[in-house]
Protein chains: 2
Amino acid sequence: MKRKITLKHIARELEVSISTVSKALKNSEEISRDTKEKIQAFAKLYNYKPNNIAISLKNKRTKNIGLIIPDIIHHFFTTVFRGVEKYANMRGYNVIACISDESFDKEVINMEMLANGSIDGFIMALSAETQLKNDFNHLKEVTEQGIPLVLFDRITDEINCDKVIINDEEAAYQAVVKLIKDGRRKIALITTESYFNVSEKRSQGYFRALREHQIAVDENLVLRLPYQYEEEQQSAEFFASREIDAVLCVNEIFAIKCMRHAKKNGYSIPEDISFIGFTDGILSKYSTPRLTAVAQHGEKMGEVAAQLLIDKIESEVDEEEETFKTEILEATLVERESTIN
Amino acid sequence: MKRKITLKHIARELEVSISTVSKALKNSEEISRDTKEKIQAFAKLYNYKPNNIAISLKNKRTKNIGLIIPDIIHHFFTTVFRGVEKYANMRGYNVIACISDESFDKEVINMEMLANGSIDGFIMALSAETQLKNDFNHLKEVTEQGIPLVLFDRITDEINCDKVIINDEEAAYQAVVKLIKDGRRKIALITTESYFNVSEKRSQGYFRALREHQIAVDENLVLRLPYQYEEEQQSAEFFASREIDAVLCVNEIFAIKCMRHAKKNGYSIPEDISFIGFTDGILSKYSTPRLTAVAQHGEKMGEVAAQLLIDKIESEVDEEEETFKTEILEATLVERESTIN
DNA sequence: AGGTATAACGAAACCGTTTTCGTGTTAATA
DNA sequence: TATTAACACGAAAACGGTTTCGTTATACCT
């Protein structure tokens with residue numbers, strides 16, 4: 001077993017001081033050509049690589065970023081992860097990924113674990129429970145310690161930091177407008193039971209579209225489902241008992257499940273009923289019929305978040321009076337088979 | 001901004017030595033009750049938390065593990081990640097996740113980046129390119145340095161380390177036997193073009209099942225597709241031009257795409273043709289018809305891999321004469337709508 | 001009184017780097 | 001010959017902890 005070699009070993013072996021070795025390997029002008037060549041050759045021979053931990057301790061920079069996402073079953077978050085990882089890697093950073101499992105406690109624990117020196121900054125989307133409790137002290141503590149934080153998608157106004165979101169309200173609005181233009185009038189909204197800022201925004205867009213097109217809102221056409229629901233009776237009953245000619249779902253799993261119920265109740269898609277879902281994930285692409293979806297561009301979102309974060313980490317801005325941006329990405333409607341034309 | 005407080009700060013403030021503070025916070029018997037209480041109270045008040053990096057440097061343990069996966073679009077790998085993260089967290093470890101993107105170079109770069117002190121061990125599945133090149137020097141170097149390594153799913157015999165796999169050959173065999181028992185005779189195999197140890201094993205199981213049931217192998221019924229294929233003409237033509245009554249696919253994306261082609265060619269599933277796919281991922285659950293699949297239990301696999309790794313990290317085995325295990329997990333067939341009964 | 005045990009704390013080494021600030025040697029200059 | 005500048009290198013502090021090994025001071029024993 002070839003143990004890792006350190007500066008000390010090289011110094012001892014070549015009978016010079018540690019500082020000389022360090023400088024020689026950095027090609028410092030201070031050291032003579034001869035010595036530098038000797039040391040560099042030796043280092044290459046024994047495959048010397050500086051110890052990251054020691055360097056981190058020295059310059060108080062880990063080159064790690066912490067990513068905290070609520071879950072990994074929603075394809076959107078995995079694509080964000082992809083984007084973060086890709087961009088971070090490009091800039092020489094590694095990603096420590098944690099899954100909060102939609103739990104407030106796990107979110108707190110993960111943050112605390114990482115906040116003690118393991119990372120240079122955080123990227124995160126709030127867990128369901130955190131949005132519910134409306135408790136952001138863990139975020140406050142972190143930012144007060146001067147650790148940069150970027151929130152994406154599931155954000156809050158309570159915290160002052162960089163943010164990346166899509167124009168959820170507008171995207172939902174446009175989606176519903178499309179349905180209306182296709183001649184649909186009985187448009188249902190399927191959203192989450194508990195509070196998410198994104199569901200909320202999307203619902204607002206839905207209502208605005210109806211309002212602006214003089215279509216009365218029918219509360220019977222709004223279905224609120226538990227976020228991770230297994231029991232499907234609510235949605236099954238919904239489609240069995242109402243007249244609906246279009247549906248907007250705030251995520252793709254809702255959409256896929258509901259298309260099934262619609263089909264089971266004799267609807268044919270998209271002739272009798274249109275479906276549009278949020279999050280253009282893997283399910284949308286492969287469902288039958290393929291789902292028309294609002295693409296959230298998760299990968300792009302991840303890249304932007306990572307860029308904001310790393311820029312902040314590497315900028316030497318004077319503590320106070322720093323300024324925070326909120327990047328709003330454009331969602332786009334990907335038309336497939338579940339809507340007309 | 002409240003900067004992080006260190007032992008030194010506490011020591012200076014309370015006019016004791018750093019060592020005393022350190023010991024007091026560990027509740028050492030060496031320190032008097034009075035001093036301990038005073039120090040502990042002060043530490044709590046200022047929310048002292050030891051710096052992870054410093055501790056890592058001291059005990060040469062980072063409590064991080066490196067996970068390298070080929071991609072994140074195949075649901076299987078994200079579930080493995082889930083399992084690793086969950087188990088690792090339980091044991092107080094964090095996961096640094098890297099995506100090799102099926103590229104040899106990225107795999108090498110990622111490993112080298114992490115191998116210099118950032119992690120205590122690796123968990124990984126080989127990239128497609130690595131399996132193709134058959135070049136495992138980066139793995140050898142890492143293990144020679146005494147860094148524990150656990151390979152899962154995409155493994156190689158060339159490297160001596162702990163491994164976690166499923167019984168791919170047997171699972172494929174059982175799947176095909178089920179098809180035969182259902183009365184199928186013209187059973188197609190859809191596998192990857194390039195070499196993967198898993199595809200290979202699964203194919204072997206397919207052939208063995210046919211052989212043992214006296215069904216002649218028809219090479220026309222074996223389709224080899226590029227791993228990440230977008231062009232679908234090959235598979236479309238396959239279903240247009242052959243008589244097939246059952247299909248075994250080595251991954252779920254192949255299966256979903258091929259079910260489409262089959263339907264388009266007038267087959268009805270499962271009456272005319274049965275489908276079984278590998279990897280019981282999210283697509284299998286939500287496809288129409290729902291896909292009968294061989295569950296690889298990715299999450300379990302991740303947990304087992306993480307356990308093997310952490311156990312090895314924390315065991316103080318004498319360098320030489322250590323022993324490596326290969327855990328073989330049982331795959332199970334999840335029967336859904338794409339097969340009879 | 002002399003010796004010893006014990007309690008309570010501090011000094012210093014160490015982990016592996018980087019970096020500042022000497023210091024000794026040689027060569028050039030006055 | 002004395003001074004100085006340049007060169008090439010080393011010592012030591014620092015990052016933030018842990019841990020070993022003293023070192024006092026006091027109490028106890030004979």
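Proteins come first, then strands; the chains are lettered A, B, ... in the order of their sequence lines, and each starts at number 1.
Remark: C1' of dG17(D) and CD1 of I10(B) are 12 Å apart, rounded to the nearest angstrom. What separates CZ of R33(A) from C1' of dC9(D) is a distance of 18 Å, to the nearest Å. As a whole-Å value, the separation of I31(A) CD1 from dT18(C) C1' is 13 Å. We find that NZ of K49(B) is positioned 12 Å from P of dG17(D), with the value rounded to whole Å. In this structure, N51(A) places its CG atom 18 Å from P of dC15(D), rounding to the nearest Å. If you measure from atom CG of D34(A) to atom C1' of dC9(D), you get 14 Å, rounded to the nearest angstrom. Atom CD1 of I55(A) and atom P of dC15(D) are 17 Å apart (whole Å). Atom NZ of K60(B) and atom P of dT18(D) are 17 Å apart (whole Å).
Where L57(B) and S19(B) each meet DNA chain D at their nearest nucleotide, the meeting point lying more 5' is that of L57(B). Closest-nucleotide positions on DNA chain C for E30(A) and V21(B) were compared, and the one nearer the 5' end corresponds to V21(B).
For T20(B), the side-chain atoms get nearest to dG10(C) when compared with the rest of dG16(D), dT18(D), dG10(C). Each of dG16(C), dT18(D), dG10(C) was ranked by its minimum atom distance to the side chain of A54(A); first place goes to dG16(C). Minimum atom distance to the side chain of K26(A) is reached by dT19(C), of the listed dT19(C), dA8(C), dG10(C).
The closest donor-acceptor contact from the side chain of D135(B) to the backbone of N137(B) lies under 3.5 Å. Between the side chain of N94(A) and the main chain of N110(B), no donor-acceptor pair closer than 3.5 Å is present. Looking only at distances, no side-chain donor or acceptor of E327(B) sits under 3.5 Å from a matching main-chain atom of V304(B).
Residue S22(A) is classed as a base contact, given a heavy-atom separation below 4.0 Å to a base. As judged by a 4.0 angstrom heavy-atom cut-off over every strand, T6(A) is placed among residues touching the sugar-phosphate backbone only.
In terms of phosphate contacts, Y48(B) brings no side-chain nitrogen or oxygen within less than 4.0 Å of OP1 or OP2 of dG16(D). Contact check, K23(B) against dC9(C): no side-chain N or O comes under 4.0 Å of OP1 or OP2. One finds no side-chain N or O of S56(A) lying less than 4.0 angstrom from the OP1 or OP2 phosphate oxygen of dC15(D). Distances shown here put every side-chain N or O of T35(A) at or beyond 4.0 Å from the OP1 or OP2 atom of dA8(D). Regarding contacts with the backbone of dC15(D), every side-chain N or O of K58(B) stays at 4.0 angstrom or more from both OP1 and OP2. Note on K8(B): every side-chain N or O is 4.0 Å or more away from OP1 and OP2 of dA14(D).
Look at D120(B) and K63(B) and you find no salt bridge, because none of the NZ, NE, NH1 or NH2 atoms lies under 4.0 Å from a carboxylate O. Between R82(B) and E85(B) a salt bridge is recorded (basic side-chain N to carboxylate O distance below 4.0 Å). By the 4.0 Å N-to-carboxylate-O rule, E314(B) lies close enough to R91(B) to be salt-bridged with it.
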